[in-house]
Protein chains: 2
Amino acid sequence: MSVEETLKPLFKEIETLKPNFIERLKTAVSIPSVSGDESLRPRVFEMADFLKRELTKLGAHDIQLRDLGIQPPPVNDPSLKLPPIVLARYGDDSSKKTVLVYGHYDVQPALKEDGWSTDPFTLKEIDGKLYGRGSTDDKGPVMGWLNAIEAHRQSGVEFPVNLVMCFEGMEESGSLGLEELIQKEAKKYFNGVDAVCISDNYWLGTKKPVLTYGLRGCNYYQIKVQGPGADLHSGVFGGIIHEPMTDLISVMGKLVDSKGKILIPGVSEMVAPVTDKEDEIYEKIEFDVDELNSAAGSDTAIYQDKKQILMHRWRFPSLSLHGIEGAFSGGGAKTVIPAKVTGKFSIRTVPDMDSAKLDKLVFKYIEEQFAKLKSPNTFKVELIHDGNYWISDPFNENFTAAKKATKLVWGVEPDLTREGGSIPITLTFQDELHTSVLLLPMGMGDDGAHSINEKLNTSNYVNGVKTLASYLHYYGAGEK
Amino acid sequence: MSVEETLKPLFKEIETLKPNFIERLKTAVSIPSVSGDESLRPRVFEMADFLKRELTKLGAHDIQLRDLGIQPPPVNDPSLKLPPIVLARYGDDSSKKTVLVYGHYDVQPALKEDGWSTDPFTLKEIDGKLYGRGSTDDKGPVMGWLNAIEAHRQSGVEFPVNLVMCFEGMEESGSLGLEELIQKEAKKYFNGVDAVCISDNYWLGTKKPVLTYGLRGCNYYQIKVQGPGADLHSGVFGGIIHEPMTDLISVMGKLVDSKGKILIPGVSEMVAPVTDKEDEIYEKIEFDVDELNSAAGSDTAIYQDKKQILMHRWRFPSLSLHGIEGAFSGGGAKTVIPAKVTGKFSIRTVPDMDSAKLDKLVFKYIEEQFAKLKSPNTFKVELIHDGNYWISDPFNENFTAAKKATKLVWGVEPDLTREGGSIPITLTFQDELHTSVLLLPMGMGDDGAHSINEKLNTSNYVNGVKTLASYLHYYGAGEK
Ligand SMILES: [Zn+2]
Ligand SMILES: [Zn+2]
Ligand SMILES: [Zn+2]
Ligand SMILES: [Zn+2]
């Protein structure tokens, strides 16, 4: 029997179960599992318990709520416990492939007073849209995996793979403890994983489903310039000492031009050339400058054509100046000469930029620029954070299965997208489990994850369950 | 009888009264009249009452505690009352000249925990230095005028002028209400004033007394650059929109070079040329680069020779970059693209810079620099505060009297100094009363006004009383 034939009764069952699925999401949304709010930490644990209950009911086994210990500082409550990582398996057939699925059960903060039209923790369906905090990020997709199991059980369709589930409760707060767990469990709980699927991002727009095969990395730097022993009054010292702000602003002004061009020599030379195959991918994607302008809330786009915009968001590096620590940052007029100022900027990295080589280029260039000033102020440039870019082959078995699933459910080929930001855990899964990672989003570009009135279209929720299930079937049908 | 003969018994009396003078200052310092701390406002009023009591005892007349009403926002307590301006007269002889003396009876905040070696509100004499908050700024000088009256009364030496006293209680908090009062009373309480003497600054160093004849002004500007509707994530938008920070830093980087040279065309052309007479003044002043380095707490002086340092502090303009409002200013790494950023800088002004003309040059230059960026972001540059420079003829009758007094008491000619900062009220007195204003300091450059362990040398306090009194005698002896 073909995969499509197998899926027919499953899809029928999914339609039947739609009210159950919405009810499951409603219960999940009703638990305000805000990881960033210490006072709500018990509710994050409650959400883990809810998952355990649901997984047990659905016949999952080896369910573990992994204790991650105490949350490291800065915290208000020094004995604050980290929420557990929920691990579970469904199916244990050595003749089948094994797919690890990742999601997170914590959410961003939300208050009705922030401007929500409905109570953020009461899932409400209006005009085919399910409003509520976590509906799309990431409780909808997490429930999606549970719903897929339920649909199989109810329809009697055989589950096509061994499923390993990994749901964390600290994603919105830095994924504390996750990387260590993946490293530790690579050869244990996650042993034998053939592919990883993460459903925690979004379509590019609202019309076409996507698969995501790349993320930019980020190297974050700071430039410290220090002069006087303490902040000085500009009336007394203005004009007679070398002011740290003058030096810092001068150096920061030489990093990037108004058009976004990085002025540090050697950086663009590290960027992988655009291939014909890649060029074709961009050609097909649905997107235009109006979508960018509306997302930015302004008419300040550097590029006007689709391909340039998307390439510069996804596959070219960028440099942003974020701010200055130690300078006057309040309202009004303060005549201070700041004694010690720290400029912050970051570079979004892409293939084939080598992070360590980039650091060297950055340090060398900035040191040269500072040397030109012949300033007696002390100066230091340093990397304070980095996360590598991630790129996958979007034509491999994992992506091909997801492509077929999307085509079957939505009737169109998905666009192949990247994202400009980083999801560091993607790379960790790929590197630690030595396997392909696929980003398979459920929601749309206008879902408003992290903002008010977060929503997930009901059709995306239901078709999402079908897509996730189909993906497992297509992937499971391939050679083991 | 010569002025010097007249002063002999007065000086003797001042030595005799030294314990009384110290006791008077001790009582004044014991009242924590911190104008910047709302919770201490009753103590500021208490200090005004103390002045009234002392002035009454000393035979002053027409003593008025001028009610200035409610303090305008921002305040925590919307019904917070401003402390009164204390007005008083001593002597009312139409054949004598009239001298207005100004001082302030409020002080900077001080806490033992800030690092004071002694309790800041208990005047303590150690090794010839009187430690305590307000000892030098400005309770010492204010008590100085009262002490001068007392010495005349005790010695029977005739008071040489009619004295008009104006003591305010909000100097450390913006002199709220003072300018209005001076304007209102110019032709009333202050009618007939021949000269003004302000004792609220310091010697340049610690070896030679000074008279101060100039203050720089200050024009404070801000540059607003606005792009996106809200702060954006650099992962998503970095490289595809014109970032306001890039534009702002670029423009701010073109205002001043690392050596303090203002890059705005036309500004230096407005500066009055150095005259031979002025050059001579600088030649004689005691100062060296070590004093600057020790005051700045660093070895970052632009100029190494005395004349260049002092001229650039006092009689040349300077431009300082103070900071940026709206950018990331915290610790750590935040990948934000700030949507709206406001850069702050100010220019210290000197003769013969015209404030309005300067504004035009600044606006034009910055607009040109921004235009070169061809950025679609919105942009605005504006003046948010200005105060004019002040300059006096240091060879006029008022200064000449002070010069003779200083020479008599200290045995040396005072250095003629300016200051780099502004004391806006100086100019107000000069303009409203159409008279010469003299800045006649009592304390030394190392007194630590506004910092911990503020002190006034006992010899400066006692010789200061002699100097103030002698000044009145020399000035009173001149043609009316
Ligand atoms: Zn998420
Ligand atoms: Zn999220
Ligand atoms: Zn003062
Ligand atoms: Zn002061």
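We name chains A, B, ... by the order of the sequence lines, and we start the count at 1 in each one. Being a predicted model, the structure only gives us computed values, none of them experimental.
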Options [options], ranked by heavy-atom pairs under 4.5 Å with chain A, top entry:
options: B:Pro244, B:Ala333, B:Gly260, B:Pro376; value: B:Ala333
options: B:Ser329, B:Gly343, B:Gly421; value: B:Ser329
options: B:Gly331, B:Gly227, B:Ala339; value: B:Gly331
options: B:Gly229, B:Pro228, B:Ala296; value: B:Ala296
options: B:Ala327, B:Gly330, B:Ala230; value: B:Gly330
options: B:Met252, B:His312, B:Gln308, B:Lys334; value: B:Lys334

With a 4.5 Å heavy-atom cut-off, do [X] and [Y] have their side chains touching?
X: A:Arg313; Y: B:Val236; result: yes
X: B:Glu243; Y: A:Thr300; result: no
X: B:Phe328; Y: A:Ile324; result: no
X: B:Ile249; Y: A:Leu255; result: no

- request: May I have the step-by-step check of side chain to side chain contact (heavy atoms under 4.5 Å, CB included) for A:Ser234 and B:His322, ending in yes or no?
  value: CA-CA 9 Å; A:Ser234 70; B:His322 304 297; 3.9 Å; yes
Please check: side-chain N/O of [X] versus main-chain N/O of [Y], any donor-acceptor pairing under 3.5 Å?
X: B:Lys259; Y: A:His242; value: no
X: B:Arg216; Y: A:Gly235; value: yes
X: A:Tyr220; Y: B:Thr335; value: no
X: A:Tyr303; Y: B:Ile240; value: no

I'd like to know which of [options] tops the heavy-atom pair count under 4.5 Å against chain B.
options: A:Leu215, A:Val336, A:Val256, A:Thr342; value: A:Val336
options: A:Cys218, A:Pro317, A:Gly323; value: A:Gly323
options: A:Ser346, A:Gly326, A:Gly297; value: A:Gly297

Nearest 0.5 Å, please: how far is [atom2] in [Y] from [atom1] in [X]?
X: A:His233; Y: B:Glu419; atom1: NE2; atom2: CD; result: 10.0 Å
X: A:Ser250; Y: B:Lys254; atom1: OG; atom2: NZ; result: 10.5 Å
X: B:Asp257; Y: A:Ser375; atom1: CG; atom2: OG; result: 11.0 Å
X: A:Ile241; Y: B:Leu292; atom1: CD1; atom2: CG; result: 7.5 Å

- prompt: Considering only heavy atoms, which portion of B:Leu319 lies under 4.5 Å from any heavy atom of chain A: side chain, backbone, both, or neither?
  reply: backbone
message: Given heavy-atom pairs under 4.5 angstrom as the criterion, report whether the side chain, backbone, both or neither of B:Ile309 touches chain A.
response: both
message: For A:Ser258, run the side-chain hydrogen bond (donor to acceptor under 3.5 Å, both in side chains) check against B:Asp247, B:Asn377, B:Thr246 and tell me which one passes.
response: B:Asp247
field: A:Lys372 versus chain B, the contacting section by heavy-atom distance below 4.5 Å
entry: neither
query: Within a reach of under 6.0 Å around NZ of A:Lys307, are more than 12 heavy atoms found that belong to other residues, nucleotides or ligands?
result: yes
message: I need the minimum non-hydrogen distance between A:Gly238 and B:Ser320, along with the two atoms involved.
response: CA-OG, 4.2 Å
- request: Measure across A:Ala295 and B:Leu232 and return the closest heavy-atom pair with its distance rounded to 0.1 Å.
  value: O-CD2, 4.3 Å
